[in-house]
2 protein chains.
Amino acid sequence: MNAQPDLTRNQSLVLDTLSHADGPLSAYTILDRLRDDGFRAPLQVYRALDKLTELGLVHRLESLNAFVACIQPHSHEAGTVVAFAICETCGQVDEFSDEQVAERLSGWAAGHGFHPHKTTIEIRGTCATCSH
Amino acid sequence: MNAQPDLTRNQSLVLDTLSHADGPLSAYTILDRLRDDGFRAPLQVYRALDKLTELGLVHRLESLNAFVACIQPHSHEAGTVVAFAICETCGQVDEFSDEQVAERLSGWAAGHGFHPHKTTIEIRGTCATCSH
DNA sequence: ACTGGATATGTAATGATATTACGTATCGTG
DNA sequence: CACGATACGTAATATCATTACATATCCAGT
Ligand SMILES: [Zn+2]
Ligand SMILES: [Zn+2]
Ligand SMILES: [Zn+2]
Ligand SMILES: [Zn+2]
């Protein structure tokens, strides 16, 4: 599925777990799901998550303290801003980018001498399916 | 219209602590600073923070698991989206609103049948002062 | 004033998330 | 092979947040 030749065994296991999940998973949930694969300690998960996040294959949802697999790997080019719509009812997460949002925020930063390193945009709410 | 209930003693103490702080404080840091005022348990802080957040006097920074006093209580009408620029060097936080960002995000939501409840925008980076 | 419900508080215990410390193993390159 | 960089294993600890239950206080309706 998400087999990445350059990933280690632990990293692949964590990524596969996230890719097959219905929604965001906490590090400890991932740990529990990988007990049978030899995972014993949180650090094994966090280290894999750190690397996967660095590679852009996984995103951390700050408002949930949880992680999701990226829907489509994107580059780490400057100005890349990703937003997430998180349904509080079913847990589904939608990832999207909006160039105008990115430009407005970087515009504010430029006007204030602020140098962005990472931007978090998370919309909590109710998805279309759950609104019926 | 803007009926502002009087704050309780605990709520006032927590708000004062945040208002006089240099930057965001964690709940446990607030607790430590209020030991002399009789605070003994985390829940005393969390309950006050919940109420203050509900009143719009305090914001939670999701990417820090910390809290700041609001700089502009009056700008928080319904639907207002607030953004934060957080300096990772000195900890200073700048709060601002951008109507176009809010419109783009609500536009995306409308187009996808998503009903936003709360939106988090946090820019981590380096402030002007720390960039010199 | 009495009373009953809503709200606020005090305290202990527990749960949930994340990092530090230290040692070993594996990999890639000269 | 030597050796530095990277990954891994494990335990302990640190940090953040909630549950449970008992008391206290406030306040409107009587
Ligand atoms: Zn992505
Ligand atoms: Zn949903
Ligand atoms: Zn504010
Ligand atoms: Zn700074």
Side-chain angles (χ1 to χ4, degrees), chain A residues 3-18 21 23-55 57-68 86 88 91 93 118 120 122 124, chain B residues 3-18 21 23-55 57-68 86 88 91 93 118 120 122 124:
Chain A
Q4 299 280 337
D6 55 333
L7 296 181
T8 67
R9 168 178 156 83
N10 284 4
Q11 289 159 15
S12 295
L13 286 168
V14 168
L15 181 56
D16 282 349
T17 301
L18 281 174
L25 299 180
S26 75
Y28 278 75
T29 299
I30 295 170
L31 173 59
D32 286 340
R33 295 192 183 183
L34 290 175
R35 293 277 182 197
D36 293 342
D37 294 290
F39 274 53
R40 305 289 304 156
L43 195 51
Q44 294 174 291
V45 178
Y46 282 111
R47 285 202 274 229
L49 287 171
D50 282 349
K51 191 64 177 179
L52 292 169
T53 298
E54 186 185 320
L55 293 173
L57 301 173
V58 161
H59 298 291
R60 173 183 172 80
L61 299 179
E62 302 288 353
S63 68
L64 293 179
N65 291 338
F67 303 83
V68 288
I86 304 168
E88 292 176 325
V93 174
K118 187 195 178 212
T120 296
E122 297 177 15
R124 303 281 293 269
Chain B
Q4 172 98 314
D6 288 332
L7 297 180
T8 66
R9 170 180 155 83
N10 284 5
Q11 289 159 15
S12 295
L13 287 168
V14 169
L15 182 56
D16 282 350
T17 302
L18 282 174
L25 299 180
S26 75
Y28 277 74
T29 300
I30 295 170
L31 173 60
D32 285 341
R33 296 192 183 183
L34 291 175
R35 294 277 183 198
D36 292 343
D37 293 291
F39 274 53
R40 304 290 305 156
L43 196 51
Q44 294 174 289
V45 179
Y46 282 112
R47 287 202 274 229
L49 287 171
D50 283 350
K51 191 64 176 180
L52 292 168
T53 300
E54 185 185 318
L55 294 172
L57 300 174
V58 161
H59 298 292
R60 172 184 172 80
L61 299 179
E62 302 288 353
S63 68
L64 293 179
N65 291 339
F67 302 83
V68 287
I86 304 167
E88 293 176 325
V93 175
K118 188 194 177 214
T120 296
E122 297 177 16
R124 304 280 294 267

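A note on names: the letters A, B, ... follow the listed sequences, proteins ahead of strands, and every chain is numbered from 1. Hydrogens, waters and symmetry mates are skipped; everything else that's a heavy atom, side chains included, is used.
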Checklist entry - Roughly how far, to the nearest 0.5 Å, is CG of B:Leu57 from CG of B:Leu18? => result 10.5 Å
Checklist entry - Which distance, rounded to the nearest 0.5 Å, do you find between the CG of A:Leu13 and the CG of A:Asp36? => result 11.0 Å
Checklist entry - Measuring from A:Thr17:OG1 to A:Leu34:CG, what's the distance to the nearest 0.5 Å? => result 4.0 Å
Next on the checklist: Distance check needed: D:dA17 P versus A:Tyr28 OH, whole Å only.
Outcome noted: 15 Å
Checklist entry - Between A:Leu25 and A:Arg33, is a side-chain contact (heavy atoms from CB on, under 4.5 Å) present by the stated rule, with each step listed? => result CA-CA 10 Å; A:Leu25 299 180; A:Arg33 295 192 183 183; 3.8 Å; yes
Checklist entry - Do A:Glu62 and A:Lys118 meet the salt-bridge criterion of a basic N to acidic O distance under 4.0 Å? => result yes
Checklist entry - How close or far is atom C1' of D:dG9 from atom CZ of A:Arg35, stated in whole angstroms? => result 13 Å
For nucleotides 27-29 of chain C, print each protein N/O atom paired with a nucleotide N/O atom at under 3.5 Å, atom names and distance only.
none

Checklist entry - Taking atom OG of A:Ser26 and atom CG of A:Leu61, what is their separation to the nearest 0.5 Å? => result 12.0 Å
Item to check | Heavy-atom side-chain contact between B:Phe39 and B:Asn10 under 4.5 Å | outcome: yes
Next on the checklist: Between P on C:dG15 and CG on A:Leu31, what's the gap in Å once rounded to a whole number?
Outcome noted: 17 Å
Checklist entry - Given atom CD of B:Glu62 and atom C1' of C:dT17, what is their separation to the nearest angstrom? => result 14 Å
Checklist entry - With a 4.5 Å heavy-atom cut-off, do A:Leu31 and A:Arg40 have their side chains touching? => result no
Next on the checklist: Let me spell it out: for each of B:Asn65 and B:Arg9, pick the nucleotide of DNA chain C with the closest heavy atom. Which residue's pick is nearer the 5' end?
Outcome noted: B:Arg9
Checklist outcome for this item: In whole angstroms, the gap separating C1' of D:dC8 from CD of A:Gln11 amounts to 11 Å
Item to check | Reported CG-to-CG distance for the pair A:Leu15 and A:Leu7, which is rounded to 0.5 angstrom | outcome: 6.5 Å
Next on the checklist: Tell me the interatomic distance from B:Ile30, atom CD1, to D:dC16, atom P, rounded to whole angstroms.
Outcome noted: 11 Å
Checklist outcome for this item: Contact check, residues 39-52 of chain A vs DNA chain C, heavy-atom distance under 4.0 Å, returns A:Leu43, A:Tyr46
Checklist outcome for this item: When rounded to the nearest 0.5 Å, the distance separating CD of B:Glu88 from CG of B:Leu64 is 8.5 Å
Checklist entry - Side chains of B:Asp50 and B:Glu54: does their closest heavy-atom pair fall under 4.5 Å? => result no
Checklist entry - Going by heavy atoms in the side chains, are A:Leu49 and A:Ile30 under 4.5 Å from each other? => result yes
Item to check | Whole-Å distance separating the CG atom of B:Asp6 from the C1' atom of C:dT7 | outcome: 14 Å
Checklist entry - So, is B:Asn10 near the phosphate of C:dG10, with a side-chain N or O under 4.0 Å from OP1 or OP2? => result yes
Checklist entry - Out of C:dT9, D:dA7, D:dC16, which nucleotide sits closest to the side chain of B:Thr8? => result C:dT9
Checklist entry - Do any side-chain nitrogens or oxygens of B:Arg60 fall under 4.0 Å of OP1 or OP2 in D:dA17? => result yes
Checklist outcome for this item: Rounded to 10°, the angle between the first-five-pair and last-five-pair axes of the helix from C:dA1-D:dT30 to C:dG30-D:dC1 is 30°
Checklist outcome for this item: Rounded to whole Å, CG of A:Leu25 lies from C1' of C:dT17 at a distance of 14 Å
